[in-house]
Amino acid sequence: MFGLVDCNNFFASCERVFRPDLAHKPIVVLSNNDGCVIARSNEAKALNIPMGAPAYQYKEVFDKYNVTLFSCNFALYGDLSNRIMNILRTHCFRMEQYSIDEAFLDFSGCKIEGVGLKIKTQVLKWTGVPVSVGFAPTKTLAKLANRIAKKFPKETEGVYVIDSQEKLIKALKWLKIEDVWGIGRKSSNKLRALNITKAYDFTLLEDNWIKANMSVVGLRIKQELLGKSVLDFQELEPRKNISVTRTFDKNYTKFEELRERIANFAANCSEKLRNQHSCCHSVLVFINTNYHRKELDQYNQSIIVNIPFETNSTIEIVHHALVGLKRIFKSGFEYKRAGVILMNFSPDTSQQLSLFGGRNIKHISLMKTVDKINASLGNQKLRLGVQDTNRIWKMKQEKLSPNYTTNIADIITIKAKS
DNA sequence: TCTGGGGTCCTAGGACCC
DNA sequence: TCTGGGGTCCTAGGACCC
C-alpha cells in the first residue's frame, strides 16, 4: 500500500497557523511582487477566485468579501514543511517527499487501520496544518484516494482507502479525466473530444492508441489506474537543473540594471549548487520583454554559455552568466523578466582537468568561507561588487507575515490572563 | 499600472560511429 | 530505376507536476 499525505491549501493554512482569528475566513497568498494568486483557503475557492489570477483583477472581490491577503513567505512555509515531513517519517519505514506539501509513504506489508487518522490528528496538533491522507495499491490511486478524502471531509474524516474492486471502480467513475495525476490540459482536451470524460473511460482505451497518442507515460497511467503499480518510490537525488528567475516590478531598459539582477540570480544559483555538492558546466541566461503588453516591441532571447571547466564558484558562474547577457542584450527594449539556469552537473568531488586552464582551485576554499560567513551573519552579507550592492530594486511585499518560526525577533507574544 | 517560480521526463530527429 | 544495417549521443521542444 502507498500512502499519500497532502496538506490542505498549504500556504494558506501556514498563514492561518499563527492567525487563528482567520479560521473559516477567506485567505489568499500572492506570488512575488504580490502579482498572482498562488494559494487559496476553501473559503476563497468558494468565491471563485481562480488559481493564478492576477491580483489587481480581483481587487473588488477581495474588498467586497473581506479576503485577507498575504505576500508569499517561503521561510515560513519551508520551515513548517520540514516539521511536517519529520513527523511523517516516524510513521513509516520509507518515505518520498514529493513536493513542499506532500509525501508518499510506504506501507507495504503493514496494517493501515487507524494509521491515517493518527497521522492527520498528530500533524494538526503538532503543527496546526490540516492534512488529508489517501491509501491505495499504486501511487496514482493514492493521489486519487487523497483527492476523495479532501473533497469529502465529513464523510471520510480526511482519510480514504481504496482497497477493494468496488471502491476502485466507483472512484474511477467519479474522477474527471483532467484530474488524473499525469494527464494535463493538452491530453485531457484531446480525450474529452473523444468523449472520454472519466478516469474509468480512460482505462477502457486500447494500449496501442494510448501509446501512439500519449507515449509510455500514458500507458503507465493506465496500469496504475487499474491497480498495477509501475511507479515506485524515488530516491532523493541532487537536482539536474537549478534556476532563479524573476518577473520585475518595473521595466528595465539599461544594461547595467539587468547586469545587476542577472549577477544576483547567478550568485543565488551558485549557492544552491554548492549546497547540493554539485558543479556545473553550462549556464543559461534569458531576458524577456512583457508578453502581456502586445503593443510594445517584443524581444525574448536566451543563450547557453558553456564553461570550459566545471565549477561551483560564484565568481566564475557570475562571470559566465554576464558574458551571456552581454551577447544577447539589445538596447531599445523594456525588459520585464529574466533568469539564470545552471545545467550539466557533476559531483563536486570529481575533477575533470582542462587542457587549456581549468577552474581556479583557490575558489573552493574561498566559497566555503563565504558560505560560512553568510550562514552565520545572514544571507548575502558577502557579495560580489557586481551584485546589487546599492539594491536598485525592491520586491513588492506589502502583506508579508512575520517569520514566526525562523526569526527570533518574530516569535509571537502571548498574554495570559489569570 | 499591475500578470509566479522551480522542477522532471519523454520523444523525434540530427549527427555521428563502424 | 535501383543506393545497407546497426548502433549511440545530443538537443529542442512538448507535456506534465507542485
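Chain letters run A, B, ... following the sequence lines, proteins first and then strands; every chain starts at 1.
The interatomic distance linking A:Asn344 (CG) with C:dC9 (P) rounds to 15 Å, in whole Å. Going from atom OH of A:Tyr58 over to atom P of B:dG4 covers 14 Å, rounded to whole Å. Atom CZ of A:Phe104 and atom P of C:dC18 are 9 Å apart (whole Å). Between the C1' atom of C:dC16 and the NZ atom of A:Lys143 lies a distance of 12 Å, rounded to the nearest Å. In this structure, A:Lys240 places its NZ atom 15 Å from P of C:dT11, rounding to the nearest Å. Atom P of nucleotide B:dG4 and atom CD of A:Gln57 are separated by 11 Å, given to the nearest angstrom. Remark: C1' of B:dC9 and CZ of A:Arg220 are 8 Å apart, rounded to the nearest angstrom. In this structure, CE of A:Met343 is placed 14 Å from C1' of C:dG13, rounded to the nearest angstrom.
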Derivation and outcome, ring-ring contact (aromatic ring centres under 6.0 Å, His included), residues A:Phe74 and A:Phe11: CA-CA 9 Å; A:Phe74 281 100; A:Phe11 297 167; 5.4 Å; yes
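A close approach under 4.0 Å does not occur between any side-chain nitrogen or oxygen of A:Ser187 and OP1 or OP2 of C:dA15. Note on A:Asn32: a side-chain N or O is less than 4.0 Å away from OP1 or OP2 of B:dG5. Taking side-chain N and O atoms only, A:Ser243 has no distance below 4.0 Å to OP1 or OP2 of B:dG5. Under 4.0 angstrom from either OP1 or OP2 of B:dG4 there lies at least one side-chain N or O belonging to A:Thr247. The phosphate of B:dT3 has OP1 or OP2 within less than 4.0 Å of a side-chain N or O from A:Lys336. Taking side-chain N and O atoms only, A:Asn241 has a distance below 4.0 Å to OP1 or OP2 of B:dT8. Between A:Arg293 and B:dT3 there is no side-chain polar atom (N or O) within less than 4.0 angstrom of OP1 or OP2.
Across all strands, A:Ile100 comes closer than 4.0 Å to no nucleic acid atom at all (heavy-atom distances). Using a 4.0 Å heavy-atom distance criterion, A:Leu30 is classed as making no nucleic acid contact. Heavy atoms of A:Tyr98 sit under 4.0 angstrom from primed sugar atoms or phosphate atoms, though from no base atom. Using a 4.0 Å heavy-atom cutoff across all strands shown, A:Glu102 reaches sugar-phosphate atoms only and no base atom. Nucleic acid contact class of A:Lys190 (heavy atoms, under 4.0 Å, all strands): none. Among the protein residues, A:Val180 comes within range of the sugar-phosphate backbone only, with heavy atoms under 4.0 Å from sugar or phosphate atoms but none that close to a base.
A cation-pi contact, defined as under 6.0 Å to the ring centre and within 45° of the axis, links A:Lys173 to A:Tyr200.
Of all nucleotides listed (B:dG5, B:dG7, C:dC18), B:dG5 comes nearest to the side chain of A:Arg337. Listed nucleotides: B:dC10, C:dC18, B:dC9. Nearest to the side chain of A:Val217: B:dC10. The listed nucleotides are B:dG7, B:dT3, B:dT11; the one nearest the side chain of A:Ser215 is B:dT11. Taking only side-chain atoms of A:Lys186, from C-beta outward, the nucleotide of C:dC18, B:dT3, C:dC16 with the closest atom is C:dC16. In this structure, the nucleotide among B:dT8, C:dC18, B:dG6 sitting nearest to the side chain of A:Asp101 is C:dC18.
Annotation: A:Tyr65, atom OH; neighbour count of heavy atoms from other residues, nucleotides and ligands within 6.0 Å does not exceed 12.
When side chains are defined from C-beta on, A:Tyr404 counts as touching A:Leu76, because their heavy atoms get closer than 4.5 Å. Side-chain atoms of A:Trp209 and A:Leu194, non-hydrogen and from C-beta on, do get closer than 4.5 Å to each other. Using a 4.5 Å heavy-atom threshold, the side chains of A:Glu155 and A:Ile148 count as separate.
Ion pairing of A:Lys139 with A:Glu96 is present here, as a side-chain N (NZ or NE/NH1/NH2) and a carboxylate O approach within less than 4.0 Å.
Of the two residues near DNA chain B, A:Gln234 and A:Pro54, the one whose nearest nucleotide lies more 5' is A:Pro54.
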